[in-house]
**Student:** 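Starting off with a structure, shown below.
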Amino acid sequence: MYTISQICSIVKGHFASHRSDDRIENLVYDSRRLQQPASSVFFAIRTEHNDGHKYLRNAYEKGIRNFVVSEAAAAKDLVKANIVVVEDTLTALHRLAAAHRSQFHIPVIGITGSNGKTVVKEWLYQLLQEDFNIVRSPKSYNSQIGVPLSVWQMDEQHTLAIFEAGISRPSEMESLRSMIQPTIGILTNIGEAHNEGFIDDAQKLTEKISLFSSCPVLIARNKDLGGKKELLDKETRLITWGSAASNDIVVSSITKAKDRCTVLVRFNDVEQEIVFPFTDDASIENAITCCAVLFHLGYDFEVIRQRLSRLHAIDMRLQLNHSFNDCLVINDSYSADITSLRIALDFLAQQSSGLNRTIILSEFLESGMDERSL
């Protein structure tokens with residue numbers, strides 16, 4: 001726990017009102033989501049679509065007595081509250097999370113990419129929870145607000161952290177890197193998601209790789225690096241996987257059956273078969289990435305084989321449900337980008353067995369494509 005005075009100092013703010021030195025356990029930015037108001041601090045964050053200063057009174061009436069604002073006048077009526085004034089509330093939130101992260105010296109896995117971040121994070125949790133007390137990003141908390149809320153969960157009982165980092169435009173990753181400070185980096189599939197915020201794929205990849213500045217280890221599929229190895233620090237150990245013999249982990253073959261696939265993997269001059277309980281390409285890629293992490297952590301083939309065979313699907317990602325009138329419903333509502341759609345359509349074709357097919361789509365808001373091409 002931190003006192004509000006400590007938080008004021010960390011975020012480089014000043015008090016417009018200081019009634020008591022309350023102890024703070026929870027960070028809040030949404031006045032609708034209050035569970036322990038007495039020990040919470042409310043950050044009045046401005047976004048493209050809203051302004052947290054509009055909800056100060058609502059949060060106050062629900063019991064919040066500690067606020068971080070950038071407009072002191074908006075909080076002048078909160079007579080019994082501690083009011084910390086800063087230049088920018090989102091920057092203040094980032095500073096607090098970065099300071100909190102710096103208190104811990106445990107392995108921290110940082111994951112970025114266009115697709116697969118949440119699946120890899122959740123699967124690593126499934127694979128490693130027997131051996132570590134893990135703190136991880138809730139759901140897909142990987143944004144400029146989600147990351148600090150994820151990092152804030154860290155406490156002295158944890159022995160491993162797994163955090164996602166997602167960006168939609170240049171210059172966003174540096175703040176996420178300062179909060180996550182990964183000791184093990186993972187780069188997942190680089191696809192079309194968030195294309196509209198970048199000039200081209202090269203710029204997007206460069207921004208994403210910046211998460212791993214000063215990171216001791218980076219694990220990635222060779223193809224996803226796009227020839228950008230020179231962007232990594234010289235001290236960063238790169239562990240790649242792929243079909244080429246030059247990779248650290250060589251995937252010699254992938255054989256698909258009805259409900260599983262067998263992957264022939266070579267690592268440290270030892271070749272073994274590993275069975276995954278999935279057949280779609282995205283899940284196979286994500287599972288191989290997880291396998292590479294386990295190799296790096298020192299697990300042997302037998303343990304890896306046993307644990308990977310028990311993986312189960314993540315909610316809303318290619319969920320196959322049996323419904324009325326002998327219908328099958330595939331729920332892939334977690335992702336909305338062209339790469340994910342292509343994967344979902346392949347999965348649909350595998351499962352349909354000649355049945356009629358219906359596709360329900362929403363908008364693709366960040367494809368980076370002109371409307372006619374999309």
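Predicted model, so just to flag it, every value in this text is computed and none were measured. The first residue of the sequence shown is numbered 1, and numbering continues consecutively from there.
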**Student:** Set out, in order, the CA-CA distance, both residues' side-chain angles and the distance that settles ring-ring contact (aromatic ring centres under 6.0 Å, His included) for Tyr29 and Phe43, then state yes or no.
**Tutor:** CA-CA 5 Å; Tyr29 73 98; Phe43 282 78; 9.6 Å; no
**Student:** Can you tell me if Gln144 and Ser175 form a side-chain donor-acceptor pair at under 3.5 Å?
**Tutor:**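 On atom types as modelled, these side chains qualify, holding a pair under 3.5 Å.
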**Student:** On the 0 to 90° scale, with breaks at 30° and 60°, tag the Phe267-Phe295 ring pair as parallel, tilted or perpendicular.
**Tutor:**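 If you compare the ring of Phe267 with that of Phe295, the planes turn out parallel.
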**Student:** Is there a chain of hydrophobic side chains (I, L, V, M, F, W, Y, each step under 4.5 Å between heavy atoms) that links Val86 to Leu78?
**Tutor:**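 No, separate clusters.
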**Student:** Kindly confirm or rule out a cation-pi arrangement of Arg177 over Phe212, judged by NZ or CZ under 6.0 Å from the six-membered ring centre and within 45° of its axis?
**Tutor:**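 Judged by the rule, Arg177 and Phe212 form no cation-pi pair.
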**Student:** Give the cluster check for Val251 versus Leu311: same hydrophobic cluster or not, with ILVMFWY residues linked at side-chain heavy-atom distances below 4.5 Å.
**Tutor:**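 Same cluster.
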**Student:** Return all side-chain donor-acceptor pairs below 3.5 angstrom for residues 268-275, not counting sequence neighbours, or 'none' if the list is empty.
**Tutor:**
from, atom 1, to, atom 2, distance (Å)
Glu271, OE2, Ser252, OG, 2.8
Gln272, OE1, Arg305, NH1, 3.3

**Student:** Report the C-alpha distance between Arg307 and Ser309 in whole Å, list the side-chain angles of each, state the deciding distance to 0.1 Å, and finish with yes or no for side chain to side chain donor-acceptor pair (under 3.5 Å).
**Tutor:** CA-CA 5 Å; Arg307 295 191 183 182; Ser309 68; over 6 Å; no
**Student:** Hey, mind stepping through Ser283 and Asn286 against side chain to side chain donor-acceptor pair (under 3.5 Å) and telling me if it holds?
**Tutor:** CA-CA 5 Å; Ser283 294; Asn286 293 332; 5.5 Å; no
**Student:** Judged by modelled atom types alone, do Asn321 and Ser323 share a side-chain donor-acceptor pair under 3.5 Å?
**Tutor:**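 No pair is found: no donor N or O on one side chain lies under 3.5 Å from an acceptor on the other.
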**Student:** Quick check on the 6.0 Å ring-centre criterion: do Phe132 and His158 meet it?
**Tutor:**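 They do not qualify: ring centres at least 6.0 Å apart.
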**Student:** Quick one: closest heavy-atom pair of Glu207 and Ser171, and the distance?
**Tutor:**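 In terms of heavy atoms, the two residues are closest at OE1-N, 3.1 Å.
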**Student:** Could you check Asn50 against Tyr55 for side chain to side chain donor-acceptor pair (under 3.5 Å), going step by step and ending with a plain yes or no?
**Tutor:** CA-CA 10 Å; Asn50 216 336; Tyr55 306 100; 3.1 Å; yes
**Student:** Identify, with sequence neighbours excluded, every residue that meets side chain to side chain contact (heavy atoms under 4.5 Å, CB included) alongside Asn222.
**Tutor:**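 With sequence neighbours excluded, Asn222 shows a side chain to side chain contact (heavy atoms under 4.5 Å, CB included) to Leu225, Lys229, Thr240, Asn247, given in chain and number order.
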